Structure formats: C-alpha cells, structure tokens
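Only one structure is covered here, and it is reproduced in the block below.
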Amino acid sequence: MAARRKVYYGPSARPPPAGGAKATANGTPGSASGGGAKAAAKGGAKNGGRSNGKGTAKADPKTTPLRAARPKTAAPGGTAAPAAAAPAGARTGAPAPDGPAERPQGLPPEATAPLSAQEIDAELAAQGARPDRPSRSRGVRRPLPPVEPAEPVPATSTETLDADTATLPTVLPAPKRHSGDKIGARYRLEECISESETFTSWRAVDEKLRRAVGVHLLAAGHRRAKSVLTAARSAALLGDPRFVQVLDAVQEGELVYVIREWLPGARDLGELLASGPMEPYDAYQMVRQVTDAIAAAHERGQAHLRLTPKCVLRTDGGQYRINGIAVDAALRGLPAEDAELTDVRAIGALLYAALTHRWPYPEDRYDLQGLPKDLGCVPPDQVRAGVHKGLAELAARILCEQPPNHKEPITSPAELAAAIDRMPKVRQPEQPAPPALRALPAARPRYAAGAPTQALPRTEPVPPAGPLPAPAPRRRRGLRLLLKWTAALVALSTVAIGSWQLAQYVNDQQDKAGSTQNSPAPAPTGSAPAATGEKLTISSLAPFNAFGDTKDEHSVELPNVTDGNPSTAWTTQRYNDQFGGAYRPGTGILIDLGSARRVGSVDVQFLGDTKAELKVAPTGTTAPPSADDSGFRSFGASVAAGSGTRVTLKPDSPVTTRYLLLWLTSVPASDDGGGFRGKVAEVQVNG
C-alpha cells in the first residue's frame, strides 16, 4: 500500500470537488487517503507538535508526515487537485500541526500528497532512521536508491564560533595530520613537537616567506576553539618583542590553527638547567627580563597563566623571550582567576629552579627533582650552598606564604619588578683578559753538524762625524758620562745585529742547498705571496653595514682592531634585536690588504661570545665592494665560520684576494642590558 499524505480540514472546509487529477509530490500518479488522519494527528499531538518520525511511525509505519502540507484545490468526491509547485526550501521537515486550524478565507484546504518509496527512504535517512530493508509500494519490491552525499558544511564565521560553548563537546580528538601536510595552502608541517588529547603542535615551514614557524592545530568544533582564537589574536596585538610573536590565527572549515614565530637558535630554560643550576648573574638576568615582560603584559590586560621552563627561551645573544602568552592557557582550558598571583608564582618557581636545580614542589617536573613532601617552603639558600642571598630572598618572598625574616610576600609581577629594581644589581663576573697577540720570537741560529765555528769580527764603535760643541762647564761631567753609556750601547747593538745577520746568512745558505736537492723551484705567480703563517699587513679597514642606514658605523674606533691591545675594541651600534630571522643578517668590517695576497687564516678576538664568518672578494677585484646588498652578494658564500671570544677563521685551502669581509652574524647583549652590540678587539691576517 503506497504511503500517502494526510488531508486535514479546517472548521470551514467543504468536501473537495470531484474531477481533479491525482498527483504526487514528485509528479507520479497516486490517490489521496484519509484513513491515517487520526493516527497522524494523534502522533503529532503526542510528540508535542514535533514530527521526528518516532510517534508517526508507531501510529502508521507506512505514513511519513515529515513535510508541511501544501495548498491544493479540492475536487468533489475526495479527489485531490494538482498541487502547486513547492519551493526548494519547503522540504525542511517542518512540524506537523497539532490539530485543526483556521484557514484564511478564500484559500484551499490543507492537504498532503502521497510519498514515493524514494522519498520515504531519503527523508528517513535525513533523520538517521533509514530502514534496513527497501520500502514497498503497491506490493512491488524496489531496490534501495543511493543516498546523495550531503553537501560540505560551509566554514563557520570566527565571530560566532563557539558562541554557545555549553552545546559543544568537552573533548574532541586532535586533528590527525602527518609530516608533509599543508595547512592553509602555505604552511608545510615538518615535525610534531607535542601532542595532547585535543591539540597538536608542529614545527612547520612557511613556503611563502621561506621561514620556520610553529603551528598549533585544534578542531573547530571543540569547546575551546573560540577562546584559543581570541587569545591568539589578543597576543598578536601585544607587539612586545620580548614575547614570541603570534603571526596568524585562522579557522578553516573544521580546523583551527595558530601560527607563531620560530626561534631556531634559542634554548629553553629546561635545556639550560639540564647541566646544573645557573650562575647568579645568569639567574638574575633571567628573572629580571621575564618579570619585566610579564609585568608589562599585565598592564595591557594580558596574562600567561602557564609559565613553565619550556616557555622561557634564551637566544644566542643572551636575551630571554617568552612563548605561549595567553595561547597555552587557552589550549588547555586553564582558568583566568588570580592571574597576577598565578604568573608571579610561576616566575618564583623558575627562579627557585635556576638557583637550586630543584623543583620547589613535591612533584618531579621538567627533568628536575622535587623537594621532600614534609619539607615545606624553605628558602633556596637552605637547599643548596652558595646561593645568592638577594635572589634567594626574592624566591622565598614569592613562594612562601610567610617569608623568612618577616618579609612581605610578593603577589604580583609589578611588585616583583619593583623588588628587583631595589636590590643591588648582580654584576657579571670578571672574565680573564685574553693574552695579547704577540709576534713570534726570532728563530735561534741553526748550525750544521760538524761545521767549523766561525769567530765574529769585533766591531768598533763609529766615532762621531764632527767635533761636538763644547758643553757648558756645569754640564761637562754629565755629558761625559752620557757619551760613555751611548758608546757602549751602540757597540752592543752593533755586535748583536752582526751576530744575527751572520747566523741568518748561514741558515739561508743551508736551506737553499737542501731545497735545491730535495724540491723543485716554485712556479712564478702574478702576486708575491707571503710565507705560510706570516702576519700580513692590513692596509685599511672600513665598516661594512650593508643592510643598515648607518654606513659610518663607529669608524673612528677601527684603529683599535690592530693596535695590539685586546682591551680596546671597535664596537657596532646597538641593535634592539638579534641578527637573523626577520631582522638584518649581520654587519662587519671590510679588510683591505693593499694588493692581492695569499691568505691562510684570520685570527680574531672578540669581547663577548660572538659568531662570525669570513668572506673573500673574487680574485682580480681592485676596487672595494660597495656597502650595500649588491656589494655583499659579490663576496659569495663564506669560506670559514666560528664562534666564541677567540676565533680562527681558516678556509679549507688558502685563498688569494685583496679584500676580506669579517661578517658578524650574532653579537652578545649590551653591557647595560639594553639591546645587542658586537665588539672586535683584535684582527690578524696570516699568510
């Protein structure tokens, strides 16, 4: 028996006129039936006017009143007239009426057309109640028609995402991604660095800007998705270089991703503490820089709420930068209550761990052993000997409810910053002065075995060319004594020089005889290369700030580079950010040897840990390269690199050039704690 739509008549309805043509909703012939009207009405009333397919299925399994009734022109004899074409939006499963309702005057009575087997299956499938076996119509078994795939859900606006978090799932699995996948048609995932139940973090490559980035991935339907996007956008607006920058925060379909800056050369605090506690100066710099940054963030209404050793990164230049401001807490759903106390306690735990190499709580965390459970809160200087008293007192005032010596507890980053400013500054320990570069002593004379000893001729002092003027009577005795000493010194000098020249002559003769027998003569070259290891003369020096506006970068200090005094240096200008990444690649000194010379190595002394590279101009270059991008590119790739305070830049094989570029790629933090500054004390070029 074919399922049919029920006909509902209002109070003023008249019997439909006869003679109307029979029609179904999809154009197939059929007949109207009123036998199920009661059941449909009963089922609709039982479900409170909501048609979900359950109540109606019990009343009449063959009847599916899921659509709103369509107006028809009734015909006498109970035959339904052709139905008007319904709009596409009419098939939405509107609720069935609870009972008879008033119909406006002049409109035809409400009626429904019979449903085909395909319509029944499609509408039941839309409600998740698709039958396991095909429907029957007129006793003929028909195959189950394929269900068209649902259209993809359009991307939800990020402004309304997670508007009602109570209706979203508490836990939604993290999106499954693999190395090599692309996010946003731009970010290629490289390595999964952390994974939790609800999100994953990756190291990725921004293929558009060709740089490394960090990526957090989260399902858009998760309850925390909106808070993560909000936190990421607020962190991006912070604009403080002391924090790792948030570059992008996007919802794309069912995926939410947050892009952050990546610092390739940075090391987190957990890695720094792996070898033991910090020196007082390093611990002081860490807590001061982190506190100033967090206090500034709180002034702008931001909080971190999850400050751990893995979030504090130290760059090669000694600057500390904080990762995950606001975003880490949003990813983990941490509450924002008592934000100031939460962050200052976290800073106190970092300082305690840096001073004692112990985690200040009973649990073991971040590869650090915790304190005994029954010990309570004790100052760091009672856990480890030799801890700086001022820093130990700061940690105790932060972590202990009742600090020792009746000190006031510290409960906010602003209070901690003020306390650090009041305490005496912890000075960097004095570094031992590096030994000065000295010329090698002259080689001692070498004599061949069995060679006869030759007596050196006695050299008499040379008399003065003319008579000396008669001295004044009072000074005659002093002048006579002075003449005696002068004559003696001249005689000794003459003897010494003569001895050295004779010994050198003998050695040269022996070396020439040996080389004539054992090795062929060297081929002539266009330049006069110096002997290997010989110190070459530097003709001139010039700053080479190819990517900066200040071309004359402290040029008056360049003589300090070759004065033989390692305590004086040429200094770069102060930079707010370290070289590399999004900033300039470096700065340096252009060395002119005066002519093309054979260079075997370059010895450099720096004041502070510095990274440097050696570049050489192409052979035949006679004019100094310009201090701009094109001049920098003319040097080509570096031939040597090194880092430290004493660096020897030695190419794989000697090079012949006139111009050398000492290129600094990482400079230490400035002594006053503001920015970065490089210092070159001595440079020596060796043949």
Side-chain angles (χ1 to χ4, degrees), residues 155-158 161-162 168-169 171-271 302 304-315 321-334 580-583:
T156 308
S157 170
T158 54
L161 177 67
D162 201 10
L168 297 178
V171 176
L172 201 63
K176 295 296 182 183
R177 292 295 185 272
H178 306 281
S179 297
D181 292 353
K182 279 190 180 180
I183 303 298
R186 173 175 177 177
Y187 305 104
R188 186 179 73 251
L189 302 182
E190 293 285 335
E191 179 187 5
C192 184
I193 56 178
S194 65
E195 185 174 3
S196 72
E197 189 178 10
T198 58
F199 72 93
T200 56
S201 299
W202 293 77
R203 175 179 60 82
V205 174
D206 184 350
E207 294 186 336
K208 183 176 182 180
L209 298 180
R210 297 181 181 179
R211 63 179 178 182
V213 293
V215 180
H216 298 301
L217 299 180
L218 180 72
H222 195 278
R223 185 174 295 186
R224 300 174 191 163
K226 183 179 181 180
S227 60
V228 169
L229 284 172
T230 303
R233 290 169 179 173
S234 62
L237 296 176
L238 192 59
D240 192 329
R242 293 171 292 190
F243 294 92
V244 176
Q245 301 298 302
V246 174
L247 306 175
D248 207 353
V250 180
Q251 181 203 347
E252 190 176 71
E254 297 181 354
L255 185 67
V256 167
Y257 57 88
V258 177
I259 310 299
R260 67 171 179 85
E261 185 182 6
W262 187 270
L263 305 178
R267 302 170 63 193
D268 61 63
L269 187 58
E271 185 179 355
Q302 294 285 346
H304 195 289
L305 302 176
R306 195 179 179 273
L307 196 59
T308 69
K310 298 296 182 182
C311 298
V312 179
L313 309 176
R314 188 176 73 179
T315 62
R321 301 186 65 181
I322 302 172
N323 185 25
I325 178 72
V327 177
D328 278 9
L331 284 170
R332 293 165 175 84
L334 300 180
Y583 312 111

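One is the number of the first residue; the rest follow in order along the sequence. Please read these numbers as outputs of a predicted model, since none were measured by experiment.
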Tell me the closest heavy-atom pair linking [X] and [Y], and the distance in Å.
X	Y	result
L255	A220	N-CB, 3.9 Å
A219	P173	CB-O, 4.1 Å
I325	A235	O-CB, 3.6 Å
R321	L263	NH1-CD2, 3.5 Å
T198	H222	CG2-NE2, 3.4 Å
V256	Q251	CG2-CG, 3.8 Å

Under the rule for side-chain contact (heavy atoms from CB on, under 4.5 Å), what residues qualify as partners of [X], not counting sequence neighbours?
X	value
R332	F199, R306, D328, L334
T230	K226
A204	L189, V213, V215

Review item, side-chain donor-acceptor pairs of residues 174-185, under 3.5 Å, at least two apart:
unit_1 : atom_1 : unit_2 : atom_2 : d
S179   : OG     : E190   : O      : 3.0
D181   : OD2    : H178   : N      : 2.8
K182   : NZ     : E207   : OE1    : 2.8

query = Any side-chain heavy atom of W202 within less than 4.5 Å of one from Y187?
reply = no
ask   = What residue among V244, I322, L269 forms side chain to side chain contact (heavy atoms under 4.5 Å, CB included) with L313?
value = V244
Side chain to side chain donor-acceptor pair (under 3.5 Å) against [X], all qualifying residues, sequence neighbours excluded:
X	answer
S201	S194, H216
R242	D240
Q302	S234

Ignoring hydrogens and geometry, is there a side-chain-to-backbone donor-acceptor pair from [X] to [Y] under 3.5 Å?
X	Y	answer
R203	G214	no
R186	D206	no
H304	N323	yes

